[in-house]
Amino acid sequence: MAKAKLSDEVKTYIVQALACFDSPSVVAAAVKKEFGVDVSHDPNKKAASGLAPKWKALFGETRKTFLEDTATIAISHRAVRLRALQRMAEKAEIQSNMVLAASLLKQAAEEVGNAYTNRRALTGKDGKDLPVPVSPVTIFQLPDNDRS
């Protein structure tokens, strides 16, 4: 049985999805849902061996953009994550799952408090030096026989 020829629209979709790290099985399912086309994936074949230069270029360009631009990924934004946590916490409370609700509240607090970032303050306000913490001085008394 001859393979059906895929349209450029379907090929573009496949190349871009693979460039965004979607697995071949996820891409195949998405193509079936989106375009109604069955595409098979044989994990034993080297898929890109005979790929046309235009598809290789599209893959490279899409991969580069995907890695550099997280703005298009909703969950990369704090507000989106907090809204999702809000919905989950409300549902947990409605279901009387207070342990889960408390855990979600803690996670939201950590999110707001930058617990999930690796940012470090290297300067104080307006670029001034950070204040040096002052610790109390401990005065040691030497035993009487060591005082000379």
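Note that the structure is predicted; figures quoted are calculated from it, not measured. By convention here, the first residue in the shown sequence is residue 1.
- Members clustered with M98: none, using a 4.5 Å side-chain heavy-atom cutoff among hydrophobic residues.
- Closest approach of V15 to W55, counting heavy atoms only: CG1-O, 3.6 Å.
- The NZ atom of K91 sits 11.5 Å away from the CG atom of L104 when rounded to the nearest 0.5 Å.
- A continuous path of hydrophobic side-chain contacts links L51 to V39 [ILVMFWY only; heavy atoms under 4.5 Å].
- To the nearest 0.5 Å, the span separating CG on L82 from CZ on R87 amounts to 11.0 Å.
- Using a 4.0 Å cut-off between charged nitrogen and carboxylate oxygen, K54 and D8 count as a salt-bridge pair.
- The closest donor-acceptor contact from the side chain of R81 to the backbone of A108 lies at 3.5 Å or more, if one exists at all.
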Give the intermediate values and the outcome of side-chain hydrogen bond (donor to acceptor under 3.5 Å, both in side chains) for residues E111 and Q107.
CA-CA 6 Å; E111 178 74 52; Q107 186 174 346; 5.8 Å; no
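- When all heavy atoms of A101 and A92 are compared, the pair lying nearest together is N-CB, 3.8 Å.
- Note that the CG atom of L105 and the CD atom of E93 stand 6.5 Å from one another [nearest 0.5 Å].
- Between the side chain of S103 and the main chain of V99, no donor-acceptor pair closer than 3.5 Å is present.
- The shortest side-chain heavy-atom distance between P24 and V27 does not fall under the 4.5 Å cut-off.
- Atom CD of residue Q16 and atom CZ of residue F59 lie 11.0 Å apart, to the nearest 0.5 angstrom.
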V31 and I14: side chain to side chain contact (heavy atoms under 4.5 Å, CB included), yes or no, with the steps?
CA-CA 7 Å; V31 169; I14 291 169; 3.6 Å; yes
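- Annotation: side chain of L6 is in contact with side chain of V37 (closest heavy-atom distance under 4.5 Å).
- With values rounded to the nearest 0.5 angstrom, R83 atom CZ is found 12.0 Å from M88 atom CE.
- E68 places none of its side-chain heavy atoms less than 4.5 Å from the side chain of R63.
- Closest heavy-atom contact between L18 and S23: CD2-C, 4.4 Å.
- Listed by first and then second residue, the ring-ring contact (aromatic ring centres under 6.0 Å, His included) pairs that reach into residues 62-111 are F21-F66, sequence neighbours excluded.
- The closest side-chain heavy-atom distance from D69 to T72 is below 4.5 Å.
- Remark: the backbone N or O of I73 is not paired with any side-chain donor or acceptor of T70 at under 3.5 angstrom.
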